[in-house]
Amino acid sequence: MVKVKDIENLSIFKGLTDDELKAIAEIITPDIIPAGKQIFEEGEVTCPCVYIIQKGKVDVQKRNKDGDLLTLSVQREGSFFGELSFIDNKPHSATLTTASEESIILKIDRSDFEKLVLRYPAAGYKVLMNITQDISALVRRMNTQYVDMAGYVFGRTKR
């Protein structure tokens, strides 16, 4: 369990009431992970959990066709990951590894979250909407980057 003050300003919990934050805090498990340790691997089926970085940094990585791990992004304090597997219960889409420093990762297991939603349906709705908004922002950024890259590679054409 974590303290409400440790989570109240995290974007994933935006809009939750004090009682909802207390209930969420009760189902969060903190974990101290050493620098350079893999949290989970792409294609792996582990706990359908959402993970939140309380302290430290996490590298988001994918393997190329040669099997080399390439870092796509670095997630920082307050960021969350694992949300796709949390939602669809499918294998992880990337490998996540702590960066060059020890990290504190907060974990919410889907089964615990489902029990919480029975008691606090509005809290569940708010958390899922916050996750959805984060995914939506990521897709919008990726669409823009894709169009910019395609324009660069193939040249811009007017119709």
Side-chain angles (χ1 to χ4, degrees), residues 1-63 69-145:
M1 186 171 108
V2 298
K3 296 177 183 171
V4 170
K5 70 177 183 68
D6 294 333
I7 64 167
E8 64 189 354
N9 294 318
L10 297 172
S11 66
I12 192 170
F13 303 129
K14 181 178 65 180
L16 269 64
T17 66
D18 290 342
D19 287 342
E20 292 167 341
L21 282 168
K22 286 177 193 169
I24 288 276
E26 290 175 4
I27 65 167
I28 293 176
T29 306
D31 195 9
I32 298 171
I33 302 177
K37 184 166 190 305
Q38 195 174 84
I39 300 167
F40 55 75
E41 188 170 350
E42 177 181 359
E44 190 175 51
V45 178
T46 60
C47 159
C49 298
V50 65
Y51 302 84
I52 306 153
I53 304 169
Q54 182 179 22
K55 178 183 173 273
K57 298 176 187 169
V58 173
D59 293 332
V60 179
Q61 304 165 312
K62 295 227 11 128
R63 293 201 181 275
L69 268 180
L70 303 175
T71 300
L72 302 176
S73 68
V74 178
Q75 299 293 314
R76 291 170 169 51
E77 292 173 11
S79 299
F80 56 89
F81 57 91
E83 70 276 9
L84 298 180
S85 295
F86 178 76
I87 291 169
D88 66 14
N89 207 24
K90 294 195 176 176
H92 294 293
S93 62
T95 296
L96 279 284
T97 306
T98 54
S100 58
E101 59 191 77
E102 179 180 89
S103 298
I104 300 175
I105 306 297
L106 308 177
K107 180 174 78 171
I108 301 174
D109 188 293
R110 182 179 169 155
S111 63
D112 292 334
F113 183 75
E114 288 171 345
K115 291 173 194 165
L116 174 121
V117 168
L118 294 175
R119 289 182 22 230
Y120 296 93
Y125 174 80
K126 292 171 195 174
V127 169
L128 289 176
M129 284 303 294
N130 291 335
I131 290 172
T132 302
Q133 288 171 0
D134 189 74
I135 293 169
S136 176
L138 174 62
V139 170
R140 289 177 189 277
R141 279 192 312 273
M142 289 174 59
N143 285 344
T144 300
Q145 290 171 347

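For the single chain, residues carry numbers from 1 onward in sequence order.
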Can you give me the closest heavy-atom contact between [X] and [Y], atom names plus distance?
X	Y	answer
Gly43	Pro91	O-CB, 3.3 Å
Ala94	Val60	CB-CG1, 3.9 Å
Gly124	Val117	CA-CG2, 3.7 Å

Decide yes or no for [X] and [Y]: does some side-chain heavy atom of the first lie under 4.5 Å from some side-chain heavy atom of the second?
X	Y	value
Phe40	Phe81	yes
Leu96	Asp59	no
Leu70	Arg63	no
Leu84	Ile135	yes
Phe80	Leu106	no
Leu128	Gln133	no

What is the distance from atom [atom1] of [X] to atom [atom2] of [Y], rounded to the nearest 0.5 Å?
X	Y	atom1	atom2	value
Ser93	Glu83	OG	CD	8.0 Å
Gln75	Ile105	CD	CD1	10.5 Å
Glu20	Arg119	CD	CZ	11.0 Å

As a quick check of understanding, evaluate side-chain contact (heavy atoms from CB on, under 4.5 Å) for Ile12 and Ile131, giving each step before the final call.
CA-CA 6 Å; Ile12 192 170; Ile131 290 172; 3.9 Å; yes
Hydrogens and angles aside, do Thr17 and Asp19 bring a side-chain donor and acceptor to less than 3.5 Å of each other?
no
side-chain hydrogen bond (donor to acceptor under 3.5 Å, both in side chains) pairs, two or more places apart, involving residues 29-43:
Glu42-Lys62
Write out all pairs satisfying side-chain hydrogen bond (donor to acceptor under 3.5 Å, both in side chains) with one or both partners inside residues 96-107, taking only residues at least two apart or from two chains.
Gln61-Thr97
Should we say atom CG of Asp18 is surrounded by more than 12 heavy atoms from elsewhere, each under 6.0 Å from it?
no
Verdict with supporting geometry, Phe13 and Asn130, side-chain contact (heavy atoms from CB on, under 4.5 Å)
CA-CA 7 Å; Phe13 303 129; Asn130 291 335; 5.6 Å; no
For residues 45-58, please give each side-chain donor-acceptor pair under 3.5 Å, one per line with the distance, not counting sequence neighbours.
residue: Thr46; atom: OG1; partner: His92; partner atom: NE2; Å: 2.6

Under 3.5 Å donor-acceptor, Ser85 side chain and Gly82 backbone
no
Is the shortest side-chain N to carboxylate O distance from Arg110 to Glu114 below 4.0 Å?
yes
Leu16 vs Ile24, test: side-chain contact (heavy atoms from CB on, under 4.5 Å). Steps then yes/no.
CA-CA 9 Å; Leu16 269 64; Ile24 288 276; 3.7 Å; yes
Asp109 vs Ile27, test: side-chain contact (heavy atoms from CB on, under 4.5 Å). Steps then yes/no.
CA-CA 8 Å; Asp109 188 293; Ile27 65 167; over 6 Å; no
